[in-house]
Amino acid sequence: MKKLLSLVLCLMLCLVSVSALAENVVVEAVPNEGQFEGQELSILVSAGWMDNRYDATIARFEETYGVTVDLQTIPADQYFDILLAGLANGTCSDVFWIQSNPFAIKSMIVDPENLCIDFTGADWAGVIPEARLAACQSDGKLYGLQIWHNSPEYVMLYNKTLFEELGLEVPTTYAELKDVCAKIAEQGITPWFLPGADGWQHQLAFFQIGGVYEEATPGLFDALNNNTATFADNEKMLEVLGQFKELSDLGYFGEDWIGTDSTNMANEYGDRTIAMAMNNASYVKQLHDELDTEDEWGMFLIPLGDNTWFPTSPAGPTMFGYKGTEHEDLVRAWFQFVCTPESLQEILDNSPNYTNLHVNVDIEQHWLPEEEAFMETVDPAKMNCCVLQNGTKYTNDYWMQFGQDMIAYVQGSIEANDVLKAMDGYRAEGAATAGDEAWK
Amino acid sequence: MVRPVNKKKVYPTWFLILPLVLYIVFFLFPSLLGIFYSFTDWSRNTSKTGLNFVGIKNYIEIFSSNKNYADGILNTLKFTIVSNLVKIIPALFLAIILYEGLKGMGVYRTIFYLPSIIPFVIIGILFTSVLNFKNGLLNNTLQAVGLGFLKQKWLSDLNVVWKSIYMVDAWRGMGYVMTIFMTGLAAIDKSYYEAARVDGANFWQRLWYVTLPMMRGAIMINLVFGITYGLKVFDIVYVLTNGGPGHATEVMTTYSFQLYGAGQYGMATAFNSILLVITAVVGILIVRTMSRKGAA
């Protein structure tokens, strides 16, 4: 009996240890033996993915190994063209990023075996949470490192104080949203700030409500991935596009939302020239830091299509090592270096808007009360459906083109169903490029 | 006594070899290779599937796709014509005004020429800011001087966006065109003008009967440069609108760039091949027409 008890205790101890290992992975930097002295590491990244949150880590990396880091930050609307051209002609930077999801490596990089460094078995692999691993792996091999936050992404971030002053309730349906927008517009305030000139933001209104489409047509995501369903003629999608256009026609996105970018968004919030916009929950932190205002902020789900679904998204900007690099060991050292607890804490602390990092490392997170309050309003049963762009193959790859089509529709150049048909066309192209059997 | 030229000793032929080799290696060969690839399914997946000959499938796709590639071709042709008109005509008059002895000619010439050496990326950043509807310099200035009714959504209104592109393109390129015209004007013997004045010719008659015929070379250079620039236009569109709003300002090269970015290299080279053929045909036509007139 005593032996059995001690065996059970031993087993429990082992399980706790394994579980602790899975929850708190500690990675150590590659020892510096002067092996990289004088080398240069080039990193190609889209604006907004590294920002200054990596500056201190890059500086320490340079100092530790006596190397230089050439950080090439490209505007978001040009990034993928430049990256894919670099990958195609063999001139890619040592490290590059893509907006990855479980399908992105095959559809965007296409040939990871020949283009990406295989990190399978790397010390830092355990840093990535299980839910994000699929976006970093292809055919069982680890290629990417995704360090991203776990805050609600691109929900409606609104001026709570302003809403209270105007006697407005948080809208939960499209009809309520329209009513709220009308009342805000009467005050000379732009109800929903939508920076169309960025080229990538307005699509979120359509894609972040993936659960709405799946709920309207159960099995839609699988059918889209098996090429047995199309975007075209999907009634719920047509309804949402119609609502989007109606809000635009009514001027609720602002007088020239198509020609406006997001550069001044924080100030617009602060000046109360706008009431709400789609943002990451952690944008609240940026507002607190940048604005001199006592206004309070809140969040609610995008109500297009009467949405009640949380934008679950196991995706995010992900870092890859280019296989054609002349400094593969340096690239490996960089990935290892980024995953040390010190670096991860540094990245989080220096971030202008992250409140947390979704990693299996014990670091001090900085969750906001606003985020916690918002999460309490979401039905946990409505958190299990992925956003449309990351739950379906080849969709996210044509994000910018879909955005252009949405604008063409809003301006009356094409019909709503043409936007959806075009997406089917893009996805077919992506499938052909990836050699997807379902499209043959 | 004039000694007959020994053609075997005429060595300028040798001088041709180096530029000819460079031309073949860097222009002719890549162009022919591009045409070859336009008949294949060259894509990002080629490393896995190999390169396959697909005949004219890429060309059929371009002209039959629902993606309005044909609009991109029409927009390119439209840009070529309009952008040259709005540059060449004002540049000609500017050149004449400056050459007629305006004080501070050198200063003006420098000021007009300067924009043409500014990189397109800078121009893009500058003018997307200047033309911003809400906070842009242009609309704010119009508002400040009481012309608020002229305010426009310069880069997002379908009826205005092309005019904005022409305006910025003219701002950038006019000085360069003007400089070539001034060189042409400098080559015209003053005695022609004196004779015309004696005969009582007014400004327009002198322009029509003396200046323009004598400037045929400068006009031809500007036309050839302008048309080839117009047909391969990319930068100015990319930095100002990136083909938008929607697809309103897509041109052949922006579509080609998108296709290349999407990994459809075969289609992208088919687009470029069409551009190559159009450019070659138009270029040959211009040179032949102007040469014939010159000979006459």
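Since the model is a prediction, treat every value here as computed from it, not as a measurement. In what follows, chains carry the letters A, B, and so on, assigned in the order in which the sequence lines appear, proteins first and then strands, with residues in each chain numbered from 1.
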_Interatomic distance, A/I258 atom CD1 to B/F133 atom CZ [nearest 0.5 angstrom]_ = 12.0 Å
Inter-chain polar pairs, chain A versus chain B: which donor-acceptor atoms lie under 3.5 Å apart?
from: A/S107; atom 1: O; to: B/R44; atom 2: NH1; distance (Å): 3.4
from: A/M108; atom 1: O; to: B/R44; atom 2: NH1; distance (Å): 2.0
from: A/V110; atom 1: O; to: B/K48; atom 2: NZ; distance (Å): 3.3
from: A/D111; atom 1: OD2; to: B/S47; atom 2: OG; distance (Å): 2.8
from: A/E255; atom 1: O; to: B/K153; atom 2: NZ; distance (Å): 3.0
from: A/D256; atom 1: OD1; to: B/S156; atom 2: OG; distance (Å): 2.4
from: A/D256; atom 1: OD2; to: B/S156; atom 2: OG; distance (Å): 3.3
from: A/E268; atom 1: OE1; to: B/K134; atom 2: NZ; distance (Å): 3.2
from: A/E268; atom 1: OE2; to: B/K134; atom 2: NZ; distance (Å): 3.4
from: A/Q404; atom 1: NE2; to: B/N242; atom 2: O; distance (Å): 3.4
from: A/Q404; atom 1: NE2; to: B/G246; atom 2: O; distance (Å): 3.2
from: A/Q404; atom 1: NE2; to: B/E250; atom 2: OE2; distance (Å): 3.2
from: A/D405; atom 1: OD1; to: B/H247; atom 2: NE2; distance (Å): 2.5
from: A/Q411; atom 1: NE2; to: B/S156; atom 2: O; distance (Å): 2.7
from: A/E429; atom 1: OE1; to: B/K67; atom 2: NZ; distance (Å): 3.3
from: A/E429; atom 1: OE2; to: B/K67; atom 2: NZ; distance (Å): 2.6
from: A/T433; atom 1: O; to: B/N45; atom 2: ND2; distance (Å): 3.2

*When you look at CZ of B/F26, are more than 12 heavy atoms from neighbouring residues, nucleotides or ligands closer to it than 6.0 Å?*
no
_Which atoms of A/A197 approach chain B - backbone, side chain, both or neither, heavy atom under 4.5 Å_ = neither
*Pick from B/L155, B/L158, B/V161: which one has the most heavy-atom pairs with chain A under 4.5 Å?*
B/L158
*Between B/A248, B/P245, B/G243, B/G263, which has the largest tally of heavy atom pairs under 4.5 Å with chain A?*
B/P245
*Decide if atom CZ of B/F27 counts as having more than 12 heavy atoms of other residues, nucleotides or ligands within a radius under 6.0 Å.*
no
*Would you mind checking which part of A/I109 comes under 4.5 Å of any heavy atom in chain B, side chain (CB onward), backbone (N, CA, C, O), both or neither?*
backbone
*asked:* Given heavy-atom pairs under 4.5 angstrom as the criterion, report whether the side chain, backbone, both or neither of A/A422 touches chain B.
replied: neither
_salt bridge (Lys or Arg N to Asp or Glu O under 4.0 Å) involving A/E328 - partner list, sequence neighbours excluded_ = A/R332
*More than 12 heavy atoms from other groups under 6.0 Å of CD1 on B/I24*: yes
*Shortest non-hydrogen separation from A/I407 to B/G246 and the atoms involved*: CG2-N, 3.3 Å
